[in-house]
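Let me begin by presenting the structure, written as structure tokens, before commenting on it.
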Amino acid sequence: MSSPNSNLQDPTTTHHLSPSDSKCHLLDHDLTLMVGQSVSLTLGNDSLLIVDEGAMRKPDRTCCGLFPKPTNKVTHSISLYNVLDADLSATSLTITYAEHSGKDDVAVNALQYPIAEDETITAKTWTANLINLAYRNALRHKRLKILINPFGGKGTAAYLYRTYAEPVFAAAHCQLDVQETTHSGHATEIAEQIDIDAYDAIVCCSGDGLPYEVFNGLAKKPNAGTALAKMAVAMLPCGSGNAMAWNLLGTGSISIAALTIVKALRMSFDLASVTQAGTRTLSFLSQSFGIVAESDLGTDHVRWMGAHRFTYGFLVRLMSRTIYPCDLAVKVVIDDKNAIKEHYNAYASGAAVTSSTENATEQSEGLPTLEYGTVQDDLPKDWEVIPAETIGNFYAGNMAIMSKDMPFFPASVPNDGLMDVVMIDGTISRATSLKMMTAIPEGGFFDMPDVNIHKAKAYRLIPREKQGYISVDGEKIPFEAFQVEIHQGLGTVLAKSERLYETPGPRP
């Protein structure tokens with residue numbers, strides 16, 4: 001997989017070409033438009049090449065009075081991915097694009113060229129070709145419901161949106177309906193009441209908490225299955241973890257995330273039902289019990305640390321080598337690491353991968369029926385009971401990346417009807433635990449012998465202690481028995497890729 005910013009090129013980079021360079025491009029009149037006295041605009045597969053033959057032209061000179069001195073051409077290259085809009089008027093062509101303004105940001109810029117009256121028809125055809133290449137299969141002029149959590153992360157989401165995202169959306173002529181949330185659960189209320197025909201996507205300016213609320217709000221609709229299939233969900237990374245943005249957009253930059261949403265594709269996406277006592281909620285990211293849950297939920301007092309609070313919490317708890325005894329049963333589908341890698345590679349190659357009991361080929365009006373019942377029902381006889389008296393970490397994931405540089409579930413894919421379940425014994429040495437933590441960003445975590453990984457359809461976990469933490473998508477739920485079941489393709493998201501998360505996957 002390419003790096004998150006691989007489609008972003010610096011359009012201000014200048015190259016000096018000899019007069020013979022790019023001659024083949026200039027001969028194709030469907031791809032090349034001449035503007036002004038000396039500028040040609042040529043469409044390539046991935047970029048717009050701008051050649052200005054007059055920019056470096058100097059008065060004719062001779063060398064020793066014998067030979068003319070060669071004249072260079074100045075070229076600029078703009079990635080077609082960065083092109084936001086092209087507007088043709090009676091007298092000019094304006095191309096609006098996202099230009100790098102720093103290492104991890106883009107800003108809106110524009111180029112304007114005169115168009116002669118007799119070239120209008122030619123320019124119109126060329127401009128249409130530019131826009132088609134710039135957007136390809138992506139929906140243009142997306143209708144976006146923007147939800148801003150002004151309290152999330154460091155409390156700067158509204159400022160970050162107005163400064164870095166809104167100009168990109170506006171330049172791409174997205175239709176924007178912006179609303180700030182005022183209390184916990186407000187996004188759930190908004191999503192429950194939203195007109196799914198009025199918008200193409202809900203964009204959450206937040207951490208992972210707002211998407212969690214949005215999915216559960218859509219799930220409350222009478223036509224929940226239809227709503228979750230039709231209404232895409234996306235995130236601008238304005239929180240502390242921002243896992244959804246890293247997985248789907250490949251970036252923690254708000255401006256680059258906005259550009260990626262403009263060019264994003266719709267992708268079907270697995271969601272999981274979490275049942276507990278008499279409740280049923282949806283999970284899009286992960287569920288954790290043990291050290292990860294405590295490191296996440298037990299560090300609210302240091303939320304000012306941003307994403308580093310998780311590392312801080314993990315290290316503090318690691319030193320005590322705490323165990324979290326529970327009763328655990330899993331509906332295992334694949335339990336061999338090599339077989340898991342083969343499953344991932346088959347999915348990545350484009351092969352059709354379906355779970356053994358696929359249930360989401362057609363969405364129902366409401367939520368899908370729970371195939372395995374709830375946590376209050378009898379345990380299915382074909383589930384594997386896993387010893388968990390000394391478990392230190394239980395982590396089930398539906399996405400690959402849990403925070404920046406933390407691909408905890410590298411073999412996770414968006415739409416196979418399976419979740420990745422990781423279990424680590426709490427009695428392993430501190431040195432081994434630290435090695436595991438450093439191995440996650442390096443890609444070696446998956447293959448470590450003390451890391452137990454299963455592809456599963458469902459599981460049930462019953463804590464044996466009276467107090468502790470259970471985290472669902474980073475949100476605290478009651479510390480009591482719960483059961484999780486995955487639903488293939490139940491949700492819809494906006495993503496850079498139509499098929500994979502923005503991570504390389506497990507090592508061969």
Side-chain angles (χ1 to χ4, degrees), residues 142-166 169 174 176-194 196 199-221 224 227-228 231-249 251-254 257-258 260-261 264 267 269 271-272 274 281-287 296-297 300 303 306-307 309-310 398-399 401-404 471-477 490-495:
K142 292 182 176 75
R143 302 169 300 165
L144 304 177
K145 176 68 175 183
I146 310 291
L147 298 182
I148 300 175
N149 177 9
F151 310 106
K154 298 180 181 179
T156 58
Y159 166 80
L160 294 172
Y161 169 75
R162 302 290 181 189
T163 304
Y164 296 102
E166 191 169 65
F169 290 149
C174 294
L176 306 175
D177 180 1
V178 182
Q179 184 174 356
E180 291 192 10
T181 58
T182 60
H183 55 273
S184 177
H186 193 190
T188 298
E189 297 166 9
I190 294 170
E192 183 179 2
Q193 299 299 322
I194 200 168
I196 62 173
Y199 304 95
D200 300 305
I202 300 174
V203 178
C204 302
C205 306
S206 65
D208 295 306
L210 230 56
Y212 171 79
E213 290 190 14
V214 166
F215 281 122
N216 280 284
L218 294 173
K220 288 178 178 292
K221 284 181 167 293
L228 288 162
M231 181 64 73
V233 181
M235 176 206 273
L236 289 170
C238 298
S240 54
N242 305 318
M244 188 180 197
W246 283 108
N247 279 281
L248 300 177
L249 309 179
T251 183
S253 163
I254 294 152
T260 310
I261 288 172
M267 180 171 71
F269 174 71
L271 294 171
V274 180
T281 56
L282 293 185
S283 169
F284 77 93
L285 177 60
S286 66
Q287 310 91 46
D296 185 11
L297 299 176
D300 272 350
R303 185 170 286 273
R309 71 185 177 94
F310 178 86
N398 191 38
M399 285 186 161
I401 305 168
M402 293 297 106
S403 62
K404 181 182 180 182
S471 173
V472 175
D473 298 353
E475 301 297 313
K476 183 180 179 180
I477 67 171
L490 178 59
T492 306
V493 291
L494 292 181

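- For the pair Met244 and Val233, the tightest heavy-atom approach, listed with the atom from each and the gap, is CE-O, 3.7 Å.
- For the side chain to side chain donor-acceptor pair (under 3.5 Å) test, no residue two or more places apart in sequence or in another chain qualifies with Glu213.
- In this structure, the separation between CG on Leu285 and CG on Leu271 is 11.0 Å, given to the nearest 0.5 Å.
- Residues meeting the side chain to side chain donor-acceptor pair (under 3.5 Å) test with Glu475, sequence neighbours left out: none.
- Not a single donor-acceptor pair under 3.5 Å links the side chain of Ser403 to the backbone N or O of Ala243.
- Within the 4.5 Å cutoff, no side-chain heavy atoms of Glu166 are placed close to those of Ile146.
- Here the straight-line distance linking atom OG1 of Thr182 with atom CG of Asn149 works out to 10.0 Å at 0.5 Å rounding.
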Just do the side chain to side chain contact (heavy atoms under 4.5 Å, CB included) check on Met267 and Leu248 with the steps written out, would you? CA-CA 10 Å; Met267 180 171 71; Leu248 300 177; 3.6 Å; yes
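- Contacts of Tyr161 classified as ring pair (Phe, Tyr, Trp, His ring centres under 6.0 Å), with partners at least two apart in sequence or in another chain: none.
- Side-chain contact between Ile254 and Cys238: present, with at least one pair of heavy atoms (C-beta onward) separated by less than 4.5 Å.
- Taking the salt bridge (charged side-chain N to carboxylate O under 4.0 Å, His left out) definition, one finds that Glu192 meets it with nothing, sequence neighbours left out.
- Under the ring pair (Phe, Tyr, Trp, His ring centres under 6.0 Å) criterion, Phe269 pairs with no residue at all, not counting sequence neighbours.
- Residues Ile194 and Lys221 are in side-chain contact: their nearest non-hydrogen atoms beyond the backbone lie under 4.5 Å apart.
- Taking the side-chain contact (heavy atoms from CB on, under 4.5 Å) definition, one finds that Ser286 meets it with Tyr395, Met402, sequence neighbours left out.
- Ile261 is listed as a side-chain neighbour of Leu236, based on a closest heavy-atom distance under 4.5 Å.
- Contact check for Asn242 versus Lys404: no side-chain heavy atoms found under the 4.5 Å cut-off.
- Every residue meeting the side chain to side chain donor-acceptor pair (under 3.5 Å) condition with Ser253, not counting sequence neighbours, appears here in chain and number order: Asp105, Ser255.
- For residues 176-191, the set of pairs meeting the salt bridge (Lys or Arg N to Asp or Glu O under 4.0 Å) definition, not counting sequence neighbours, comprises Lys145-Asp177.
- Residue pairs meeting the side-chain hydrogen bond (donor to acceptor under 3.5 Å, both in side chains) criterion with at least one member in residues 200-210, sequence neighbours excluded: Arg143-Asp200.
- When every heavy atom of Asp473 is checked against every heavy atom of Ser283, the shortest pair comes out as OD1-OG, 2.8 Å.
- Using a 4.5 Å cut-off on side-chain heavy atoms (C-beta onward), Met399 and Phe284 make contact.
- Taking all atoms of both residues into account, the shortest heavy-atom contact from Phe215 to Leu228 is O-CD2, 3.8 Å.
- Looking at residues two or more places apart in sequence or on another chain, you find a side-chain contact (heavy atoms from CB on, under 4.5 Å) between Asn216 and Tyr212, Thr281, Leu282.
- To the nearest 0.5 Å, atoms OH (Tyr159) and CD1 (Ile148) are separated by 13.5 Å.
- Residues that satisfy the side-chain contact (heavy atoms from CB on, under 4.5 Å) test with Ala264, not counting sequence neighbours, are Leu494.
- Listed here is the closest heavy atom pair of Met235 and Gly207: CE-O, 3.2 Å.
- Of all non-hydrogen atoms in Pro237 and Ala257, the two that sit nearest each other are CD-CB, 3.6 Å.
- Remark: Asn247 pairs with no residue by the side chain to side chain donor-acceptor pair (under 3.5 Å) rule, at least two apart or across chains.
- Here Leu147 contributes atom CG and Ile190 contributes atom CD1; the two are 5.0 Å apart, rounded to the nearest 0.5 Å.
- Under the 4.5 Å side-chain criterion, counting only non-hydrogen atoms from C-beta, Met231 is in contact with Ile202.
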